[in-house]
Amino acid sequence: MAQIVAVTGKKLLAKFVDFPHELYKNDPFYVPELHIAQRDMLTPGKHPFHDHAKLQLFLAVEGEQIVGRIAAIINGNHNATKGVTEGFFGFFDTINDKAVSSLLLNAAQNWLKENGQTSVMGPVNFSTNDICGLLVKGFDGPPVAMMPYNAPYYLDLLEDFGFTKKVDLRAYRYTTGNYDDRSVGLIDGLENRLKRSNIIIRKINLKKFKEEAAALREVYNKAWDQNLGFVPMTDREFDYTANDLKLVLDTDFCYIAEQEGKIVAFALAIPDINQILIKIKRGRLFPTGLIKLLLGKKKINGIRIMLLGVIDGYRKMGIEACLYGRIIKAFKARNFQYAEASWTLEDNDMVNRPIENIGGKLYREYRILEKSI
């Protein structure tokens, strides 16, 4: 029978990070996370999430073999901001065995309860600012950059344990020649109208990245404040994430709306780095992974449109269309083959309808589940 082992020390942490590589070694759609990034993320003192959070990692072990993993997470800022006692589970991977999944989920649930939580939600790694959601529709290809992937049987295991749907997240796909690019033709007129209000659209300036990131942090925390489970990032969290994104950032796909020096909106699409990561065995950069990463970046032909935010008072002015139009224009100029817009809340018609009108096809759905404890 499997037993639960609490993760302590570097050796067990390495096994925790590596388990998905074994679980999905025969799955052609699995994309390994970079080992060093996952290790640092899960190490207190390395990642700023730990400044206000607690977590405990668990492994399910059967004899000498690891058969599952899970993280129990308490996001202190989430609970303080929302006035709740909601715990989270994340980094959930398991063989298709109800006994094993129950052991893992019980371990996480009991730890959360012992630490004062009254409900549990997930999967999230660590929060909705990070990779989150359980893939429930669209198992026909690898995930795009910074989106989750899991086997279809996970949903059955979680529902069998008592989890129910909280909300679904959507991913839309555009392919070359199969989208409405009329917004590109409207850009000049819309931007001229915005200029009359002293609003300009420009690319991000990487030479002033630190200053740009500080201003974008304010927009991010204001523009997404009504999203599911959203909690403003701390300065350290945003800087950490921004520095990670800078490694893959392409200025052709990051645009800012600015009024007299004040940033009021921005849109970000990133190259689908998963086209390269899928080829890096077990997420190791050495000895050959780094070479694949450096040489492969120029061959990427897809993007993920991951952020588009406009602060209150500047919405419905045409800024959204200009930002999207700029990205579409760059997409066409670079001869990219596909774009994914993700994720959006299933009931966010203000966002979903324009995506669908442009020609985005709903092709994947991810679920956040919840359970009282």
Side-chain angles (χ1 to χ4, degrees), residues 14 17-43 46-47 125 130-131 135 138 140-150 171 173-178 203-210 212-213 239-255 267-307 326-342 363-364:
V17 171
D18 281 342
F19 172 66
H21 308 327
E22 292 298 321
L23 183 66
Y24 291 103
K25 62 184 177 183
N26 297 317
D27 188 330
F29 301 145
Y30 170 69
V31 179
E33 297 278 1
L34 288 178
H35 181 87
I36 188 171
Q38 288 282 283
R39 183 199 66 196
D40 287 355
M41 186 177 188
L42 293 166
T43 302
K46 291 279 189 178
H47 192 287
N125 307 345
D130 304 293
I131 294 175
L135 180 63
D140 55 348
V144 301
M146 299 178 68
M147 290 296 286
Y149 179 77
N150 55 264
R173 186 175 176 90
Y174 304 93
T175 52
T176 299
N178 193 26
K203 290 183 179 182
I204 191 170
N205 185 348
L206 291 183
K207 292 181 179 179
K208 296 182 178 180
F209 184 75
K210 189 174 181 179
E212 297 273 58
D239 290 346
Y240 189 99
T241 302
N243 286 329
D244 274 356
L245 286 173
K246 187 181 179 183
L247 299 175
V248 298
L249 197 64
D250 186 322
T251 56
D252 282 348
F253 297 110
C254 185
Y255 292 94
L268 170 66
I270 59 171
D272 185 10
I273 197 75
N274 279 8
Q275 289 185 10
I276 304 170
L277 296 184
I278 199 170
K279 301 173 185 177
I280 297 180
K281 190 174 182 180
R282 299 177 71 83
R284 264 47 174 202
L285 288 176
F286 299 100
T288 61
L290 185 59
I291 296 172
K292 290 178 181 178
L293 193 61
L294 294 173
L295 296 180
K297 287 176 70 174
K298 293 182 180 179
K299 299 177 182 178
I300 294 173
N301 63 0
I303 59 172
R304 177 189 168 204
I305 306 168
M306 62 182 297
L307 294 173
R326 287 281 193 117
I327 289 174
I328 292 171
K329 194 173 182 179
F331 178 87
K332 290 181 66 176
R334 298 276 292 275
N335 293 315
F336 275 32
Q337 299 302 303
Y338 67 87
E340 176 178 300
S342 60
Y363 85 121
R364 285 185 184 154

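Scope of the values below: all heavy atoms of this structure, side chains included, with no hydrogens, waters or symmetry mates.
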Any idea which heavy atoms bring Tyr240 and Lys46 closest together, and the distance? CE1-O, 3.5 Å

Contact between Val31 and Tyr149 at the side-chain level, heavy atoms closer than 4.5 Å - yes or no? no

Pair Arg284 + Asp18: basic N to acidic O under 4.0 Å: yes

Quick check on the 6.0 Å ring-centre criterion: do Tyr338 and Tyr363 meet it? no

Of all heavy-atom pairs between Met306 and Ile270, which one has the smallest distance, and what is that distance? SD-CD1, 3.7 Å

Of all heavy-atom pairs linking Ala145 and Asp272, the shortest is N-OD1, 2.9 Å

On the 0 to 90° scale, with breaks at 30° and 60°, tag the Phe336-Phe253 ring pair as parallel, tilted or perpendicular. tilted

side-chain contact (heavy atoms from CB on, under 4.5 Å) partner of Leu268, the single match among Ile327, Ile305, Asp250, Leu249: Leu249

Just how far is it from atom CD1 of Ile131 to atom CE of Met41, taken to the nearest 0.5 Å? 7.0 Å

Yes or no on side-chain contact (heavy atoms from CB on, under 4.5 Å) for Asp239 and Lys210, after CA distance, side-chain angles and deciding distance? CA-CA 8 Å; Asp239 290 346; Lys210 189 174 181 179; over 6 Å; no

Any side-chain heavy atom of Met146 sitting closer than 4.5 Å to one from Ile273? no

Measure across Ile300 and Gln275 and return the closest heavy-atom pair with its distance rounded to 0.1 Å. CA-OE1, 3.3 Å

Is any side-chain heavy atom of Ile303 closer than 4.5 Å to a side-chain heavy atom of Arg334? no

Within the structure provided, determine whether Asn335 and Thr176 are in side-chain contact (heavy-atom separation under 4.5 Å). no

Let me confirm one number: the CG-CG distance from Leu247 to Leu293, rounded to the nearest 0.5 Å. 9.0 Å

State, yes or no, whether a side-chain contact exists between Ser342 and Arg304 at a heavy-atom distance under 4.5 Å. yes

So, Lys207 and Glu212, do they make that salt bridge, N to O below 4.0 Å? no

Nearest-0.5 Å distance, CG of residue Asp40 to NE2 of residue His35: 9.0 Å

So CG of Asp130 and NE2 of His47: to nearest 0.5 Å the spacing works out to 6.0 Å

Are there over 12 heavy-atom neighbours, none belonging to Lys203, within less than 6.0 Å of that residue's NZ? yes

For the residue pair Leu135 and Asn150, what are the closest heavy atoms and their distance? N-OD1, 2.8 Å

What distance do Lys281 atom NZ and Lys25 atom NZ have between them, rounded to the nearest 0.5 Å? 10.0 Å

Applying side-chain contact (heavy atoms from CB on, under 4.5 Å) to Leu34 and Leu277, what does each step give before you reach the verdict? CA-CA 8 Å; Leu34 288 178; Leu277 296 184; 3.9 Å; yes

Over 60° means perpendicular and under 30° means parallel, so classify the ring planes of Tyr30 and Tyr24, tilted if in between. parallel

Might you confirm whether atom NZ of Lys292 has over 12 heavy atoms from other residues, nucleotides or ligands at distances under 6.0 Å? yes

Could you pull out the closest heavy-atom pair between Phe331 and Gln337, with the gap in Å? CZ-C, 3.9 Å

Could you tell me whether the side chain of Met147 reaches within less than 4.5 Å of the side chain of Glu340, counting heavy atoms only? yes

